[in-house]
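For reference, the structure is listed below as structure tokens.
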Amino acid sequence: MKLPASGSCQCGAVTYTLSAEPLFTYACHCHTCQKRTGSACAVALVVPLEGLAIEGELVTLERVSDKGEINRRFSCAECGSVIHGVGAASPALSKLQSGTLDDSSEVEPEVHMWTRSRQRWISLAPGVPQYETQPEDLTELLQASLDYRQSRAQA
Ligand SMILES: [Zn+2]
Ligand SMILES: [Zn+2]
């Protein structure tokens, strides 16, 4: 994707600039993400937190994960749009919600998690890595998505 990339919440009170290359992009089909987004799945870009400059007032919400870790998500204080999240397991990484980008046309999941609760009308790209649940380790997701990216580049 073209960098720097800009984005905002729904109302525009929060804006941001992403200047770092995303590590990978995932779609999560778990029930929690379905509840949180009110939608079929969550699509997020994993980016280095230091490459994300946010302006405007954010509200921080905390959620204790199944593993007992505190995950934080940051929403616009005015309209409530979730901009990004930071998990305790990877505090230097942000999960930037793809729909907040001003141009998300280039964004495509490179790995799918929790496909066992995927809504059946969502079809996945051929060959895209998928996990019934999710791997313990973030590096496994990273590796799977990099392999997929490479295989697409060669095709
Ligand atoms: Zn807003
Ligand atoms: Zn999820």
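In each ligand, atom 1 is the first atom listed, and ligand 1 is the first ligand listed. Remember, predicted model here, so these are calculated numbers, not experimental data.
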To the nearest 10°, what's the angle at the Zn ion (ligand 1) between atoms SG (C76) and SG (C79)?
110°
Do we see a donor-acceptor contact under 3.5 Å between the side chains of H29 and S117?
no
Given SG of C11 on one side and SG of C9 on the other, what angle do they make at the Zn ion (ligand 1), to 10°?
110°
Which residue pairs pass the side-chain hydrogen bond (donor to acceptor under 3.5 Å, both in side chains) test with at least one member in residues 41-57, sequence neighbours excluded?
none
Output yes when a side-chain donor or acceptor of Q119 lies under 3.5 Å from a complementary backbone atom of A40, and no otherwise.
no
Distance below 2.8 Å from the Zn ion (ligand 2): protein N/O/S atoms:
C28 SG, C30 SG, C33 SG
Under a 4.5 Å cut-off applied to non-hydrogen side-chain atoms, are I83 and C9 in contact?
yes
With sequence neighbours excluded, what pairs up with T17 under the side chain to side chain donor-acceptor pair (under 3.5 Å) test?
none
For Y148, enumerate each residue passing the ring-ring contact (aromatic ring centres under 6.0 Å, His included) test, keeping only those at least two apart in sequence or located in another chain.
none
Just by distance, no angles: are the side chains of Q134 and W114 close enough, under 3.5 Å, to form a donor-acceptor pair?
yes
